[in-house]
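Everything on this sheet refers to the single structure shown next.
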Amino acid sequence: MSLMKKRKIFREYMTDNKKWFFIILLMIFIENLILYSFHKEMEIALYTSMVVIVILFLFIMYDFRQYEKIYAHIQWDEELGEQKGLIGLLWQKLQEERQCQKYWKKEKQVELEELKEYYTTWGHQIKTPLAAMKLILEEYDPSDQELLKNQIFRVEESIQMMLAYIRMGEATKDFVFKNYDMDQIIKKSIRRYSSIFIRKNLSLEYDSRSIFWLTDEKWLSFVLDQILSNALKYTDEGQIQIYWQKDDSLIIQDSGVGIAPEDLPRVREFSFTGINGRNLSESTGIGLYLCQQILEQLGHSWEISSTLGKGTKISIYKKQGK
């Protein structure tokens, strides 16, 4: 540290502590005045004052060294340093820390509120298939086996969504990025929902191609499952198409009810269900929100376009630069 900077720090140290030094010097003066008033020898008063001043000098030297060490650990701000010295810098750091803590607490509070809202919604949602299974088992008929499997599938799907929501905050720790064959990932999702295609008598048009993307198989599979689940949920007749535009965009398109224009900008928001969701008790408003968060972390962009009464088209794009 240069001599000029040390002088500047010392000046600031003296400025920060001037009131204490003033009090000590005032006490020495009062002591001398009292001794003089009682006709004590001035030599004693001067000797006492000198001892106090020497002790004060040694203390200042020691305290300044500590002050200098603290100063060295604080990022130097020339303008602030000129105006406020070390105490000003420390106060600013304290205020910044308080602001960070306040912001962090607010963010955590929002997260807790969202978590509470989700668990409440999920609790109500899971009751429906459980009640249906209970009724089927009470009046069990072998012909109801497929219906029972469907209700169990709905429970599994809800549990998967809940687990994804819980893990989403630390999903990046779980990512395994590799060049995966997208054809295999897509086919797994199709097989998972094959029974619903059959039950709803919906046709599937899939443009099967062996195209490789750098991604995480588990989390991208979850996204495809959510999109396919939504397509099946809101499509009662017609077909679902899965096809490619070149090699960098995957399209999933349905002929379902579509999304209202006023709802379209908000469908990725947490817990937003829109007109369709209010008409369908199974909707939680979580699926597309999770897709948004996961795709963003995976580095995939995506788009949703829809026409009310005609269907919805979702485009997922290959990770840029890969």
Side-chain angles (χ1 to χ4, degrees), residues 153 157 160-161 164-165 167-168 171-172 174-198 200 202-235 238-259 263-269 272 274 276 283 285-308 310-322:
F153 179 80
E157 193 178 37
Q160 286 299 321
M161 188 181 292
Y165 180 77
R167 295 169 181 163
M168 186 180 61
T172 51
D174 191 42
F175 287 164
V176 178
F177 283 102
K178 290 181 183 178
N179 280 304
Y180 291 100
D181 187 346
M182 291 295 293
D183 186 55
Q184 297 302 314
I185 295 175
I186 295 165
K187 283 178 178 176
K188 283 180 184 177
S189 289
I190 292 171
R191 283 195 295 269
R192 201 170 288 123
Y193 288 90
S194 58
S195 62
I196 301 178
F197 274 100
I198 295 167
K200 297 190 77 171
L202 294 172
S203 64
L204 170 69
E205 186 180 308
Y206 172 46
D207 177 21
S208 179
R209 293 190 202 175
S210 185
I211 293 172
F212 286 82
W213 276 13
L214 180 65
T215 189
D216 177 88
E217 181 181 18
K218 185 177 86 172
W219 287 96
L220 186 60
S221 292
F222 174 83
V223 169
L224 294 178
D225 286 354
Q226 290 303 308
I227 294 171
L228 203 52
S229 174
N230 274 3
L232 288 163
K233 193 183 295 179
Y234 295 107
T235 305
Q239 67 175 358
I240 292 173
Q241 297 173 286
I242 303 174
Y243 58 94
W244 293 92
Q245 283 186 346
K246 298 182 180 179
D247 292 345
D248 61 354
S249 59
L250 174 66
I251 314 298
I252 302 173
Q253 187 169 352
D254 64 60
S255 57
V257 296
I259 303 169
D263 289 345
L264 195 56
R266 299 187 59 197
V267 291
R268 306 181 208 195
E269 293 178 13
F272 181 78
N276 292 335
S283 179
I286 306 296
L288 293 181
Y289 167 78
L290 289 174
C291 290
Q292 170 67 26
Q293 302 302 312
I294 292 165
L295 286 172
E296 189 175 306
Q297 292 182 50
L298 288 174
H300 298 293
S301 58
W302 68 315
E303 293 177 352
I304 305 173
S305 58
S306 185
T307 304
L308 195 61
K310 291 186 178 180
T312 301
K313 176 182 174 182
I314 293 181
S315 308
I316 302 175
Y317 299 100
K318 186 177 181 180
K319 194 172 182 178
Q320 290 297 314
K322 302 293 180 184

Minimum heavy-atom distance [X]-[Y], with the two atoms named:
X      : Y      : answer
Ile294 : Phe222 : CD1-CD2, 3.5 Å
Phe177 : Lys319 : CE2-NZ, 3.7 Å
Ser221 : Ser189 : O-OG, 3.9 Å
Arg268 : Ile304 : NH2-N, 3.7 Å
Gly287 : Gln226 : CA-OE1, 3.6 Å
Ser203 : Gln239 : OG-CB, 2.9 Å

Student check: side-chain heavy atoms of [X] and [Y] closer than 4.5 Å:
X      : Y      : value
His300 : Val223 : no
Phe272 : Leu288 : no
Glu303 : Ser249 : no

Kindly say whether [Y] contributes a backbone atom to a donor-acceptor pair with the side chain of [X] at under 3.5 angstrom?
X      : Y      : result
Lys200 : Leu232 : yes
Trp219 : Val176 : no
Tyr193 : Ser229 : no
Lys318 : Asp247 : no
Ser315 : Trp302 : no
Ser306 : Gly258 : no

Looking at [atom1] of [X] and [atom2] of [Y], how far apart are the two atoms once the value is rounded to the nearest 0.5 Å?
X      : Y      : atom1 : atom2 : value
Gln241 : Glu205 : CD    : CD    : 4.5 Å
Ile240 : Ile227 : CD1   : CD1   : 11.5 Å
Asp225 : Leu220 : CG    : CG    : 9.5 Å
Gln245 : Leu250 : CD    : CG    : 10.0 Å
Gln292 : Gln297 : CD    : CD    : 10.5 Å
Leu204 : Ile198 : CG    : CD1   : 11.0 Å

Exercise. Ile242 and side-chain contact (heavy atoms from CB on, under 4.5 Å): which partner among Leu224, Ile251, Leu228?
Worked result: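 The passing option is Leu228.
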
For this session: Compute whether any side-chain donor of one residue and acceptor of the other, for Ser210 and Asp183, lie under 3.5 angstrom apart.
Result: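 No, no side-chain donor-acceptor contact under 3.5 Å.
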
For this session: Tell me, please, which residues at least two apart from Tyr180 pass side-chain hydrogen bond (donor to acceptor under 3.5 Å, both in side chains).
Result: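 Testing Tyr180 for side-chain hydrogen bond (donor to acceptor under 3.5 Å, both in side chains), a comparison that skips the adjacent residues, returns none.
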
Problem set entry | Test side chain to side chain contact (heavy atoms under 4.5 Å, CB included) applied to Thr312 and Tyr234, step by step | CA-CA 9 Å; Thr312 301; Tyr234 295 107; over 6 Å; no

Exercise. Passes side chain to side chain contact (heavy atoms under 4.5 Å, CB included), Trp213 versus Ile316? Steps please.
Worked result: CA-CA 11 Å; Trp213 276 13; Ile316 302 175; 4.1 Å; yes

